[in-house]
Amino acid sequence: MAASPKDTEQHSTTAVATVTGHEPAVAARLFKALGDPIRVKLLILVRRSAGGEACFCDLAEEFDFAQSTLSHHLRILVDAGVLSRTRRGRWSWYRVEHEALDEMELILRAGGPLRASPGSNCAS
């Protein structure tokens, strides 16, 4: 049975869209979101899930702490634009937002705002 529009609520963020030009505050939020091993594990679990999305109920089985703690970590990832959340009935489903990961790669690669181009005269 397909979910009705009322049963499905999509949440997304514009964090990635505002990183144009590598805005420091937005870039820092992306990196901070992945600065915790629990959130890195969550990203890996969602990325490896069948269909590219994971239900909160399945993610909760992987951790031995309160659901409120898991919700907190997932919210940080959603607010940073690393994950998106879709609500279906009583469960939230999470999907990796590859644009955020692409932006992090652009920031870190040689020639990006944090690293000199190979062969440049800038000191490391």
Measure from the side-chain N and O atoms of Ser71 to the backbone N and O of Gln67, and report whether any donor-acceptor pair falls under 3.5 Å. yes
The test is side chain to side chain contact (heavy atoms under 4.5 Å, CB included); show your working for Val78 and Tyr94 and say whether it passes. CA-CA 9 Å; Val78 170; Tyr94 296 88; 3.8 Å; yes
Spacing of CZ belonging to Arg85 relative to CZ belonging to Arg95, to within rounding of 0.5 Å: 15.0 Å
Got a second to check how far Arg88's CZ is from Glu53's CD, nearest 0.5 Å? 4.0 Å
Verify side chain to side chain contact (heavy atoms under 4.5 Å, CB included) between Glu105 and Leu101, making sure each step is shown before the conclusion. CA-CA 6 Å; Glu105 179 186 4; Leu101 302 179; over 6 Å; no
As an exercise, state the distance from CG of Leu74 to CG of Asp79, rounded to the nearest 0.5 Å. 11.0 Å
Using side chain to side chain contact (heavy atoms under 4.5 Å, CB included), reason through Asp36 and His73 one step at a time and then give a plain yes or no. CA-CA 9 Å; Asp36 184 289; His73 287 291; 3.8 Å; yes
In this structure, CD1 of Ile38 is separated from CG of Leu45 (nearest 0.5 Å) by 11.5 Å
How far does OG of Ser84 sit from CH2 of Trp93, to the nearest 0.5 angstrom? 13.0 Å
Please answer: with hydrophobic residues joined when any side-chain heavy atoms are less than 4.5 Å apart, are Leu59 and Ile76 in the same cluster? no
Check whether any side-chain N or O of Arg39 sits under 3.5 Å from a backbone N or O of Ala33 as a donor-acceptor pair, and report yes or no. yes
Over 60° means perpendicular and under 30° means parallel, so tell me whether Phe56 and Trp91 are parallel, tilted or perpendicular. parallel
Closest heavy-atom pair and its distance - Leu30, Ala80: CD2-O, 3.1 Å
Inspect the surroundings of NZ in Lys41 and state if more than 12 heavy atoms from other residues, nucleotides or ligands are less than 6.0 Å away. yes
Approximate separation, where rounding is to 0.5 Å, of His72 NE2 and Leu77 CG: 9.5 Å
I'd like to know whether Val82 forms a side chain to side chain contact (heavy atoms under 4.5 Å, CB included) with Val96, so could you lay out the CA-CA distance, the side-chain angles of the two residues, the decisive distance to 0.1 Å, and finally the verdict. CA-CA 6 Å; Val82 176; Val96 174; 5.7 Å; no
Report whether Ile107 and Leu34 are members of the same hydrophobic cluster (ILVMFWY, side-chain heavy atoms less than 4.5 Å apart, transitive linking). yes
hydrophobic_cluster_shared for Leu42 and Phe31, side chain cutoff 4.5 Å: yes
